Q: 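The structure is given below, and queries will be raised subsequently.
These values consider heavy atoms only, across backbone and side chains, with no hydrogens, waters or symmetry-generated copies. Quantities reported herein were computed from a predicted structural model and do not represent experimental measurements.
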Amino acid sequence: MKTIIEPFRIHAVEPLTLTTPRQRRGLLEGVHWNLFALRARDVMIDLLTDSGTGAMSTEQWASIMRGDESYAGSRSFERFEAAVHAIFGFRHVIPTHQGRAAEHLLFQCFTRPDFVVPNNTHFDTTRANVEVWGGSAVDLPCDEIHNTASDHPFKGNMDLEALERTLTTEGERVPLVMVTVTNNAAGGQPVSLENLRAVRDLCTRHGVPLYLDACRFAENAYLIRQRETGQGERTLESIAAEMFSYADGCTMSAKKDGMANIGGFVACRDDELARDLRSRLVVTEGFPTYGGMAGRDMDAVAQGLREALDPGYQEYRHASIRYVCDRLTAGGIPVVLPPGGHAVFLDADAFLPHLSWREFPGQALAAELYLEGGVRSCEIGSVMLGRRDPATGEEIPAPHELVRLAIPRRTYTQSHMDYLIEVIVQVWERRDGVAGMEIVSQPAMLRHFTARFRPIRPRGRAARDRRTATTTS
Ligand code: F0G
């Protein structure tokens with residue numbers, strides 16, 4: 001059959017509140033044009049994140065009922081540990097309440113003066129957890145990532161030459177190397193087995209351990225099977241096992257490919273490191289056999305990790321993301337290519353070429369998608385990643401102005417995706433009239449969560465030309 005159907009039927013439903021464009025304008029004005037400040041009930045299709053927002057399966061809900069809430073040595077922990085052993089292969093498994101707690105623990109153990117952590121691209125919490133312990137987080141993505149329109153199959157790869165240079169020049173200051181699979185900040189793009197193997201070789205030659213940020217490991221395994229030469233016949237389990245065989249450990253947010261609403265872990269092979277991690281775990285998370293999780297959540301994750309490797313599930317998930325990307329591309333709408341593992345990324349720079357980065361095209365586009373159809377997305381551009389040069393005080397733009405439409409797992413159906421496409425196409429058709437945004441107030445750090453905005457009037461290309469003319473005259 002040509003039609004790839006959702007490989008599930010719906011067992012419990014959560015009603016959506018339908019709103020009108022007029023209501024949405026009032027709501028958006030009420031939160032100063034910041035989508036993070038909207039109440040979830042005022043959103044029709046919520047694509048803010050794929051983290052912890054998915055639907056659990058009947059087996060996961062059944063496992064919730066099996067949860068053993070004993071403080072120490074629960075059966076839930078045994079099942080959780082067994083699932084992680086079977087899939088990831090690391091000897092030690094330390095449960096945490098989510099991914100960032102795993103990062104916090106891991107970097108704490110690797111802290112040394114002026115340490116440097118290379119990563120293909122740090123996710124923002126990973127970066128913050130390196131910096132909070134006094135380290136520098138260095139992003140070394142491959143060159144292909146800079147061309148959003150190219151079809152390179154593994155844009156998530158690490159730049160091997162840059163890694164070798166960093167390992168050579170920084171020497172002892174590098175306590176570990178990390179690779180994020182898939183590379184979320186760079187568009188959910190996968191990392192190939194070939195690249196992981198080469199990173200492993202470099203780490204071995206320089207005597208530095210390699211850790212994976214494994215949040216979306218199953219999506220990465222699926223994309224390896226689809227795109228890497230010679231991998232097409234393998235099971236997702238065996239590809240995942242090979243990915244992890246190159247690493248000394250990992251951090252994991254179970255809110256992604258753990259298919260759960262909360263949870264995470266850090267895993268490793270090194271006995272001494274595991275002792276250190278466990279003694280620190282007790283201080284901030286909990287006893288080593290539950291860490292930051294309830295027994296029932298460990299059971300849900302144990303089951304979810306296996307379901308993430310179900311090829312039917314992955315096929316449906318990627319088919320629906322590809323479907324949206326293909327339809328948008330056919331209409332000439334600029335998206336990041338090839339489709340990533342968990343989201344569709346719109347290129348707001350190319351979508352709204354009449355806006356300069358100082359007018360935050362990503363924020364403007366995200367606001368329009370909400371006004372048009374109640375879709376909540378997330379700007380990943382100069383609002384989120386713009387920086388100020390510490391020496392000159394000048395604003396530095398993000399490398400790209402993107403809008404991420406993250407697809408929660410097993411939550412929305414084909415008709416929701418058709419609706420999403422229609423919303424985007426309608427904004428595309430009136431794109432020339434979309435106004436830029438300006439920041440009215442912002443906090444010192446992580447401004448995208450709480451900044452207040454307002455649209456710049458008068459609107460559109462004519463407006464920008466007028467402003468430019470005013471500035472130059
Ligand atoms: N690493 C990556 C690559 C992530 O995408 C995230 C979370 C984390 C670590 C942290 O995990 O949320 O469980 O503490 N990403 C979410 C997102 C929030 O929307 O992409 P966490």
Side-chain angles (χ1 to χ4, degrees), residues 24 28 31-38 43 45-50 121 123-124 145-149 183-189 324-325 328-329 333-337 339-340 342-388 395-407 420 423-428 430-443 446-456 459-461 463-464:
R24 292 194 288 270
L28 200 53
V31 297
H32 306 276
W33 300 80
N34 189 328
L35 296 156
F36 281 101
L38 285 170
V43 175
I45 308 279
D46 204 344
L47 308 182
L48 190 60
T49 179
D50 64 318
T121 311
F123 180 67
D124 58 9
I145 197 64
H146 301 300
N147 181 357
T148 55
N183 190 343
N184 179 15
Q189 299 293 325
V324 176
C325 275
L328 296 179
T329 310
I333 298 173
V335 296
V336 174
L337 291 174
H342 65 290
V344 175
F345 288 74
L346 300 175
D347 183 342
D349 230 354
F351 200 114
L352 302 172
H354 60 285
L355 300 182
S356 85
W357 65 268
R358 291 181 194 281
E359 296 164 303
F360 303 122
Q363 190 68 24
L365 181 53
E368 292 302 326
L369 297 176
Y370 178 71
L371 293 175
E372 188 68 40
V375 172
R376 174 154 66 174
S377 55
C378 179
E379 190 261 15
I380 302 195
S382 292
V383 174
M384 184 187 275
L385 305 173
R387 299 239 182 283
R388 211 169 263 288
E395 285 252 7
I396 305 167
H400 299 288
E401 304 297 335
L402 304 179
V403 171
R404 183 180 80 166
L405 304 155
I407 312 294
L420 169 66
V423 168
I424 298 169
V425 168
Q426 286 188 18
V427 175
W428 174 249
R430 58 176 180 76
R431 62 192 179 280
D432 283 346
V434 172
M437 287 280 167
E438 63 188 351
I439 293 181
V440 179
S441 67
Q442 56 180 310
L446 297 173
R447 66 180 178 184
H448 53 289
F449 291 126
T450 53
R452 293 180 166 192
F453 301 89
R454 81 176 150 228
I456 302 169
R459 327 175 90 203
R461 194 189 308 268
R464 189 165 76 125

Q: Is Ile333 close to Thr329 at the side-chain level, that is, under 4.5 Å between some pair of heavy atoms?
A: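 No; the side chains remain at least 4.5 Å from each other.
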Q: Is there side-chain contact between Gln426 and Val423, with heavy atoms separated by less than 4.5 Å?
A: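 No, too far: nothing below the 4.5 Å cut-off.
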Q: As an exercise, state the distance from CG of Leu35 to CG of Leu28, rounded to the nearest 0.5 Å.
A: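 Reported to 0.5 Å precision, the distance equals 6.0 Å.
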Q: Taking the side chain as every heavy atom from C-beta outward, state whether Arg404 and Leu47 have any pair of such atoms under 4.5 Å apart.
A: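 SC-SC contact between Arg404 and Leu47 ruled out.
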Q: So how far is it from Leu346 CG to Leu352 CG, rounded to the nearest 0.5 Å?
A: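 Reported value, rounded in 0.5 Å steps: 9.5 Å.
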Q: Going by the side chain to side chain donor-acceptor pair (under 3.5 Å) test, which pairs reach into residues 372-383, not counting sequence neighbours?
A: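 For residues 372-383, and leaving out neighbouring residues, the side chain to side chain donor-acceptor pair (under 3.5 Å) pairs sorted by first residue read Asp46-Arg376, Glu372-Arg430, Ser382-Glu401.
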Q: If you look at every heavy atom in Ala435 and Pro455, which pair is closest and at what distance?
A: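 In terms of heavy atoms, the two residues are closest at CB-CB, 4.3 Å.
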Q: When you compare the side chain of Val383 with that of Phe453, does any pair of heavy atoms fall below 4.5 Å?
A: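 Phe453 vs Val383: side chains touch.
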Q: When you look at Val403 and Phe345, which way does the side chain to side chain contact (heavy atoms under 4.5 Å, CB included) test go after all the steps?
A: CA-CA 6 Å; Val403 171; Phe345 288 74; over 6 Å; no
Q: Using a 4.5 Å cut-off on heavy atoms from C-beta on, say whether the side chain of Asp347 contacts that of Val335.
A: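 They are not in contact (no side-chain heavy atoms under 4.5 Å apart), so the answer is no.
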Q: Testing the basics here: between Asp50 and Ala406, what is the closest heavy-atom pair and its distance to 0.1 Å?
A: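 For Asp50 and Ala406, the tightest heavy-atom pair comes out as N-CB, 3.5 Å.
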Q: Please examine the side chains of Leu405 and Leu369, heavy atoms only from C-beta on, and report whether any two atoms are closer than 4.5 Å.
A: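 Counting from C-beta outward, Leu369 and Leu405 do come under 4.5 Å.
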Q: Run Glu438 and Arg454 through salt bridge (Lys or Arg N to Asp or Glu O under 4.0 Å) and show every step you take.
A: CA-CA 6 Å; Glu438 63 188 351; Arg454 81 176 150 228; 2.9 Å; yes
Q: How close do Pro443 and Thr450 get, counting heavy atoms only, and between which atoms?
A: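 Smallest interatomic distance, heavy atoms only, reads CG-OG1, 3.1 Å.
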Q: Please round to the nearest 0.5 Å and tell me the distance separating atom CG of Leu371 and atom CH2 of Trp33.
A: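 So the gap between those two atoms works out to 5.0 Å.
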Q: Measure the CG-CG distance between Leu328 and Leu337 for me, rounded to the nearest 0.5 Å.
A: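 Between atom CG of Leu328 and atom CG of Leu337 there are 10.0 Å.
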Q: Could you check whether His448 and Asn34, counting side-chain N and O atoms only, form a donor-acceptor pair closer than 3.5 Å?
A: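 On atom types as modelled, these side chains do not qualify, holding no pair under 3.5 Å.
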Q: Can you confirm whether Arg447 is buried at CZ, in the sense that more than 12 heavy atoms of other residues, nucleotides or ligands lie under 6.0 Å from that atom?
A: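 Yes, because the 6.0 Å sphere around CZ of Arg447 holds more than 12 heavy atoms from other groups.
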Q: Atom OH of Tyr370 and atom CD1 of Ile45: how far apart are they, to the nearest 0.5 Å?
A: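 Taking OH in Tyr370 and CD1 in Ile45, the distance rounds to 12.5 Å.
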Q: What is the minimum heavy-atom distance between Glu368 and Val434, and which atoms define it?
A: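 Here Glu368 and Val434 meet closest at CG-CG1, 3.6 Å.
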Q: Are the side chains of Glu359 and Ile456 in touch, meaning some heavy atoms are under 4.5 Å apart?
A: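 Heavy-atom side-chain distance check passes, below 4.5 Å.
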Q: At what distance, to the nearest 0.5 angstrom, does CD of Gln363 lie from CD1 of Ile380?
A: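 These two atoms lie 12.0 Å from each other.
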